[in-house]
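First the structure, in the form of structure tokens, and then the observations on it.
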Protein chains: 2
Amino acid sequence: MSAIRVALAEDQAMILGALAALLETEADLTVCARARNGREALAAVASARPDVLVTDIEMPEMTGLTLAAEVRASHPDTQVIILTTFARPGYLRRALEAGAKGYLLKDRPAAELAAAVRRVRRGERVIDPELAAEAWASDPDPLTERERQILWRAGEGRSGSEIAVELSLSEGTVRNYLSEAISKLGAANRIEAARIARQKGWL
Amino acid sequence: MSAIRVALAEDQAMILGALAALLETEADLTVCARARNGREALAAVASARPDVLVTDIEMPEMTGLTLAAEVRASHPDTQVIILTTFARPGYLRRALEAGAKGYLLKDRPAAELAAAVRRVRRGERVIDPELAAEAWASDPDPLTERERQILWRAGEGRSGSEIAVELSLSEGTVRNYLSEAISKLGAANRIEAARIARQKGWL
DNA sequence: GCGGCGCCATGACAACTGTCATCCCGCCCC
DNA sequence: GGGGCGGGATGACAGTTGTCATGGCGCCGC
């Protein structure tokens, strides 16, 4: 029986090395490639042809979500597992749409990573159980595109008038959208609204 | 020659396990305790008496910075290494003030962790070289403790009056502190001020 | 073809926020 | 013992923000 070949993509070098060490402790797994950003990872997948790619989401050059879509398109034999800090239903949905077979949180016990690799290799899907439940129960993104644009800028500290200029709107309109977003999110003000939206993965 | 005993504190279980696997690959190191928050870590240090404690900063219950100070006070034989994502001069300064002997970024190659543990064990200091240079050049934290408390709450989206009640101050006083903080940070409003302070590691 | 929805706008009002001047207290340091 | 500094406060003023009512435009679906 030959070992399962795993590629790893993670932007923090020390975490990358540590995850590799973790996987190498399993006799039936071997880390055949490592990458520190999405572009590197795509190249690594092309040359090393791993059975499974384990990737972070937030990376320079190319996010793990885009990477997952690219890998599915050009190397369908490589299964993708997203490994991330973020328990955001929005991310999970986008990951599944991008063809990822696994979505695991860095919060979970270390043993689950190897287990997930084996299961995905067998063709199963592995979704973090808590997150899967939450994603089903959780409300979909209530924000319109405009509201998102404006709320994001407000969350960065820009004032109503600055946002108005930036988006070629009137100040009043900006206030209207913010007011709408605040009430949709049940927040008390723009700052809290931005915080909530960020946390839910809607920004 | 007996192995160097290391305790690990990190809130993300998978990273905790991975770092442990990484350290265990070194023949002269052994992980004698693991903790997922500051309080657990303090208890673990008390019972396991490690030579070195490697800890994250942002953890529930007690931050790594507070933890470092507590360990120095109650277990001076245990050396502390801060291992974090954040290249913030403010964090570094506070870490050193808290008695940490090492400050390492998760960005660095995995091999540096074991090297740092050995050096700290020998009584040396290990500071991330890039960060050390930057810290020297960078401006010191201009915020007073009150300003920090208030700005932090404002950054969470709380209103002036809520903050006033929470800290038993008058609304006007809260506004005064915020105004001071905003001008010290060269921001246009409380939101931007909070963003800047966070980014610099002053919050 | 009408209703609903996203998008954009105006105007008005109340509430919140940012600034400034000016004050009191206590502490530490020279 | 006077000055500086952090903490705390008041009052006044202008500017920003949040809410509401109301209207117009275009697109989609029934």
Separation of A:E192 atom CD from D:dG18 atom P, in whole Å?
11 Å
Per-nucleotide protein contact string for nucleotides 13-21 of chain C, where B marks a base within reach and S marks sugar-phosphate only (heavy atoms under 4.0 Å, - for neither)
----BBBB-
Does NZ or CZ of A:R88 come closer than 6.0 Å to the centre of the six-membered ring of A:Y91, within 45° of the ring's axis?
yes
Look at the side-chain N and O atoms of B:T173 and state whether any lies under 4.0 Å from the OP1 or OP2 oxygen of D:dA9.
yes
Judged by atom type as modelled, is there a donor-acceptor pair below 3.5 Å linking the side chain of B:D11 to the main-chain atoms of B:M59?
no
Figure out the CD/C1' separation between A:E145 and D:dC27, and round it to whole Å.
17 Å
B:T144 side chain N/O closer than 4.0 Å to the phosphate oxygens (OP1, OP2) of D:dG7?
yes
Can we say B:E112 and B:R108 salt-bridge, meaning some charged N sits less than 4.0 Å from an Asp/Glu carboxylate O?
yes
Please determine whether a side-chain nitrogen of the Lys or Arg among B:E145 and B:R148 lies less than 4.0 Å from a carboxylate oxygen of the Asp or Glu.
yes
To the nearest angstrom, how far is A:I150 atom CD1 from C:dC8 atom P?
8 Å
Using modelled atom types and a 3.5 Å cut-off, is there a donor and acceptor pairing between side-chain atoms of A:R121 and backbone atoms of A:A116?
no
Considering only NZ, NE, NH1 and NH2 on the basic side and carboxylate oxygens on the acidic side, decide whether B:E26 and B:R118 come within less than 4.0 Å.
yes
Salt bridge (Lys or Arg N to Asp or Glu O under 4.0 Å) test vs A:E10 passes for just one of A:R36, A:R34, A:K106, namely A:K106
A:R146 side chain near C:dG6 phosphate (N/O to OP1/OP2, under 4.0 Å)
no
Knowing that exactly one of A:Q149, A:E171, A:R153 qualifies, which makes a side-chain contact (heavy atoms from CB on, under 4.5 Å) with A:I163?
A:R153
Can you tell me the distance, in whole Å, between the CD1 atom of B:I163 and the P atom of D:dA9?
14 Å
Passing option when A:L67 is tested against A:L53, A:V80, A:I57 for side-chain contact (heavy atoms from CB on, under 4.5 Å)
A:L53
Please determine if a side-chain N or O atom of A:Y177 lies less than 4.0 Å away from the OP1 or OP2 oxygen of C:dC7.
no
Distance, rounded to the nearest Å, where A:L167 contributes CG and C:dC7 contributes P
12 Å
Terminal axes of the helix from C:dG1-D:dC30 to C:dC30-D:dG1 (5 end pairs apiece), angle rounded to 10 degrees, sit apart by 40°
